[in-house]
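Quick notes on the structure that follows.
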Amino acid sequence: RHLLQLVMLRCATFLLSLFLPFSELSCATMILSAAVNTLPGWVAGCAKAAPMASILLYLAPLPTTKNIMKEQKVGDLPLLPQTMMLNNAVLWSAYGVLRNEPSVWGANGVGILLSIFYFLQFLKYAPVSSETLPGTKGMHIQGFLATASIIAALAVTVPNHTAAT
């Protein structure tokens with residue numbers, strides 16, 4: 001029931017953002033946010049556990065990366081998961097900064113560091129070309145740099161109140 005209330009609160013905030021100017025939206029959001037304070041403790045516990053769960057997910061490729069470093073080859077593993085993990089961490093970190101949510105940007109900041117480590121180790125031991133990458137190492141680097149540039153440009157140009165909706 002409480003989870004349903006939280007989902008309904010988020011939906012109501014989104015719908016209000018479509019029709020209200022920012023000043024009115026802020027008032028409406030504050031009123032609706034008061035409902036969140038009535039949620040039970042287990043919801044607050046989940047909110048506190050989420051950043052740690054995120055960090056644990058970013059640690060998942062560590063055994064594989066250690067194995068790559070030990071064998072000094074990647075075998076048939078694709079580079080795409082590392083590329084997307086890095087893009088994901090950068091995107092969520094930017095969102096967390098815009099929303100001023102330390103639990104979001106902090107956990108994903110750790111994700112950026114781990115993802116860069118995985119990405120660089122993979123690049124170091126991957127063959128020049130492979131059918132399993134997919135594409136080339138250069139394409140993955142260019143794709144990440146393009147994505148990070150777009151995220152940075154949006155983060156600089158999009159007003160913070162837009163990110164909050």
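Along the sequence shown, residues carry numbers from 1.
- When hydrophobic clusters are built by joining Ile, Leu, Val, Met, Phe, Trp and Tyr residues whose side-chain heavy atoms come closer than 4.5 Å, directly or via intermediates, Ile151 is grouped together with Leu145.
- Summarising the geometry, atom CZ belonging to Phe119 is positioned 7.5 Å from atom NE2 belonging to His140; distances are rounded to the nearest 0.5 Å.
- Hydrophobic clustering (side-chain heavy atoms under 4.5 Å, transitive across Ile, Leu, Val, Met, Phe, Trp, Tyr) groups Ile141 together with Met85.
- No side-chain heavy atom of Leu98 sits under 4.5 Å from any side-chain heavy atom of Trp105.
- Judged purely by distance below 3.5 Å, without hydrogens or angles, the side chains of Asn108 and Tyr58 pair a donor atom with an acceptor atom.
- In this structure, Leu80 CG and Met139 CE are separated by 10.5 Å, a value rounded to the nearest 0.5 Å.
- The shortest side-chain heavy-atom distance between Leu120 and Lys124 does not fall under the 4.5 Å cut-off.
- Note that CD of Gln121 is 13.0 Å distant from OG1 of Thr64, once rounded to the nearest 0.5 Å.
- Closest heavy-atom contact between Met69 and Phe117: SD-CZ, 3.6 Å.
- No side-chain heavy atom of Ser115 sits less than 4.5 Å from a side-chain heavy atom of Gln82.
- Phe122 and Leu62 end up in the same hydrophobic cluster when Ile, Leu, Val, Met, Phe, Trp and Tyr side chains are linked at under 4.5 Å.
- Here the side chains of Leu91 and Tyr95 are not in contact, with every heavy-atom distance at 4.5 Å or above.
- Follow the hydrophobic side-chain contacts under 4.5 Å out from Met52 and you never reach Leu57; the two are in separate clusters.
- Here Thr147 contributes atom OG1 and Asn88 contributes atom CG; the two are 11.5 Å apart, rounded to the nearest 0.5 Å.
- Counting heavy atoms from C-beta on, the side chains of Leu79 and Leu123 come closer than 4.5 Å.
- Taking CZ from Phe144 and CD1 from Ile116, the interatomic distance works out to 6.0 Å, rounded to the nearest 0.5 Å.
- One N or O on the side chain of Lys137 and one on the backbone of Ala126 form a donor-acceptor pair closer than 3.5 Å.
- Using a 4.5 Å heavy-atom threshold, the side chains of Leu114 and Leu59 count as touching.
- The backbone N or O of Pro61 lies less than 3.5 Å from a partner atom in the side chain of Thr65, making a donor-acceptor pair.
- There is no path of hydrophobic side-chain contacts, each under 4.5 Å, that joins Met84 to Ile55.
- To the nearest 0.5 Å, atoms CD1 (Ile112) and CG (Asn87) are separated by 10.5 Å.
- Contact detail for Ala153 and Thr157: the closest heavy-atom pair is O-OG1, 2.7 Å.
- The shortest side-chain heavy-atom distance between Val104 and Ser93 does not fall under the 4.5 Å cut-off.
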